[in-house]
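Single-structure report; data block below.
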2 protein chains.
Amino acid sequence: MESHTPFSSGSIYIVIFVTLSTQSLLMISKKTKYALNALVHLAKKFEQGPVLISYISEQENIPQKFLEAILLDLKNAGILASKKGKGGGYYLIKPPEEVNVADVMRLLDGPIALLPCVTYKYYERCEECKDEETCGIRDVFMAVRNETVQILKQNTLASIIGKESVQK
Amino acid sequence: MESHTPFSSGSIYIVIFVTLSTQSLLMISKKTKYALNALVHLAKKFEQGPVLISYISEQENIPQKFLEAILLDLKNAGILASKKGKGGGYYLIKPPEEVNVADVMRLLDGPIALLPCVTYKYYERCEECKDEETCGIRDVFMAVRNETVQILKQNTLASIIGKESVQK
DNA sequence: ATAAACTATACCAAATTAGTAGACTTTTGG
DNA sequence: CCAAAAGTCTACTAATTTGGTATAGTTTAT
C-alpha cells in the first residue's frame with residue numbers, strides 16, 4: 001500500500017501567511033504619520049522650490065487624495081505654502097529647525113495626553129474621577145505627558161533628518 | 001409701543017451649556033480607566049474579602065455590565081479572583097506593589113507605543129516606511145515609548161494609593 | 001431550594017478613521 | 001489668450017472600534 005504522509009510527492013500545499021494589522025488605540029493616526037513623512041520630504045528640499053503632490057504621494061507611498069487634505073491642513077497651520085498652476089506644488093515655509101513633532105501631532109491628532117485631565121490646552125475633567133486634587137492615577141499620566149511632550153518638542157524636522165544620516 | 005428688547009421682563013430664556021467630550025485618538029480607553037479605578041478600589045481592601053461588582057460599580061461610577069467584563073479580563077489575567085454565590089464578589093490576589101499601570105494598559109488597550117514599529121511585544125513594520133534602520137521618525141517615537149513604559153512600570157496600585165494620601 | 005452573585009453570548013448605536021469621487025478654481029507657459 | 005496643469009472644496013462611504021445593553025444561564029452559600 002502506498003504511503004500518504006504529508007509532504008509526499010504529488011500533493012500541493014498552500015500556505016497562507018496572514019498579517020493582521022494591529023493599529024492599537026494609543027497609536028498616532030496614519031494622517032500624522034503621513035504628515036511627518038511628507039514634511040521630512042519637503043524639509044530635505046527646503047528652499048528649492050515647490051514639489052508636486054503627486055510626486056510626494058508616489059515617493060512616500062501616500063494615497064494622493066488623502067495627502068492633498070493633509071498638506072492643506074499643514075498649509076492652513078502656516079507650516080507649508082503652495083503654488084498653483086504649472087510648475088506649482090507645495091513647499092516648506094518654516095525652517096526645518098522650527099517644525100517640531102509635537103506641533104504636527106497636535107495639529108492632526110489633537111492633544112498629546114493619555115487622559116483628558118492632563119492635557120495642556122484642551123483640559124477637561126475626568127467624569128468618573130471623584131477628587132482630581134488627590135487622584136493618584138492622574139499623577140502617573142501627568143508624568144507621562146510631561147516626558148512625552150518634552151521629547152516630541154525637542155525633535156524637529158531638522159533633527160530627524162540629522163538622525164537619518166547616521167548609519168547604525 | 002411696547003419695547004421688546006432681549007432680556008425684557010416677561011420672557012423666558014433657556015441657556016444650554018454643551019460640554020463636548022473630546023476623547024482623542026491617543027488617549028487610553030474608558031475600559032482601562034475604569035479598570036484602574038476598580039483596581040485601586042480593590043487594592044485598598046486587599047486581603048479583606050470579596051467586594052460586590054454592584055458595589056464597585058456604584059462607588060466608582062462604572063456601568064455595572066461594562067465593569068463585569070473588565071473584572072473578568074482582570075481575573076483571566078491572574079490579577080483578580082472571584083467568589084460566586086451569596087457573600088461573593090471580586091478581590092485582588094496579587095499584592096498591590098506588584099500590579100503596575102503598564103501591565104493593566106497592555107491588557108486592556110494593547111501595546112504601549114505611538115507607532116507599530118516601536119512596540120516591544122507586538123512589533124510590526126510600518127508599511128510606508130522605506131528604511132527602518134535609518135528612520136529618524138522611528139527614533140523619536142522609540143524614545144517616547146521607552147520613557148513612557150518606564151514611568152508606567154514604576155507606578156503600581158500601591159504607589160498610586162500612596163500618592164493619594166498626600167494632600168497637595 | 002432559592003436567591004445572590006458571577007459568567008457567557010449576542011447584540012447594537014455612535015463615532016472615528018482612512019479613504020474615494022468629482023467638480024471647481026487658479027495660474028502660467030506656449 | 002487659452003488650455004492644461006495643479007491645487008481646493010464638498011460630499012460621500014466602508015470598515016472598525018468603543019462603549020455599552022440584554023438575556024440567559026451557572027454556581028454556591030445559607
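Numbered from 1 within each chain, the chains take letters A, B, ... in sequence-line order.
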Using the 3.5 Å cut-off, write out each protein N or O paired with an N or O of nucleotides 20-25 of chain D and the distance between them.
from	atom 1	to	atom 2	distance (Å)
D:dG20	OP2	B:Y34	OH	3.0
D:dT23	O4	B:K65	NZ	2.8

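Mapped onto DNA chain D by nearest heavy atom, B:K86 and A:G85 fall at different nucleotides, with A:G85 at the one closer to the 5' end.
In this structure, A:H41 has its ring center at least 6.0 angstrom away from the ring center of A:Y90.
Protein atom CG of B:N61 is 15 Å distant from nucleotide atom C1' of D:dG19, rounded to whole Å. In this structure, CG of B:N76 is placed 8 Å from P of C:dT7, rounded to the nearest angstrom. Protein atom CG of B:D73 is 11 Å distant from nucleotide atom P of C:dT7, rounded to whole Å. Whole-Å rounding puts the A:E58 CD to D:dA6 C1' distance at 15 Å. Put simply, CG on A:L67 is 14 Å from P on C:dA18, counting in whole angstrom units. Following rounding to the nearest Å, A:L25 (CG) and D:dG19 (C1') show an atom-to-atom distance of 12 Å. Atom CD1 in B:I70 sits about 14 Å away from atom P in C:dT7, given to the nearest Å. One atom, OH of A:Y90, and another, C1' of C:dT26, lie 13 Å apart when rounded to the nearest Å.
Nearest heavy atom pair, residue B:I28 against residue B:K33, reads CD1-CG, 4.0 Å. The shortest heavy-atom contact between A:L67 and A:S57 is CD2-N, 3.5 Å. Across A:T119 and A:R145, no two heavy atoms sit closer than the pair CA-CD, 4.3 Å. B:L25 and A:S29 get closest at one heavy-atom pair: CD2-N, 3.3 Å. Listed here is the closest heavy atom pair of A:K94 and A:F46: O-CE1, 3.7 Å.
Counted within 6.0 Å of OH on B:Y123, heavy atoms from surrounding residues, nucleotides or ligands total more than 12; the atom is thus considered enclosed.
Over its full length, the helix from C:dA1-D:dT30 to C:dG30-D:dC1 turns its helical axis through 10°, comparing axes from the five pairs at each end and rounding to 10°.
Residues B:L39 and B:I160 have side chains not in contact (no heavy-atom distance under 4.5 Å, counting atoms from C-beta outward). Taking the side chain as every heavy atom from C-beta outward, B:T148 and B:L152 approach each other to under 4.5 Å. A:T156 has its side chain out of reach of A:V99: every pair of non-hydrogen atoms, C-beta onward, lies at least 4.5 Å apart.
Contact annotation: B:S82 reaches the phosphate of C:dT7 (side-chain N/O to OP1 or OP2, under 4.0 Å).
Non-hydrogen atoms lying under 4.0 Å from DNA chain C are contributed by nothing in residues 46-54 of chain A.
If you check every strand for non-hydrogen atoms under 4.0 Å, A:K75 touches sugar and phosphate atoms only.
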Pair A:E60, B:K130 - check salt bridge (charged side-chain N to carboxylate O under 4.0 Å, His left out), show working.
CA-CA 8 Å; A:E60 302 296 331; B:K130 275 173 291 188; 3.3 Å; yes
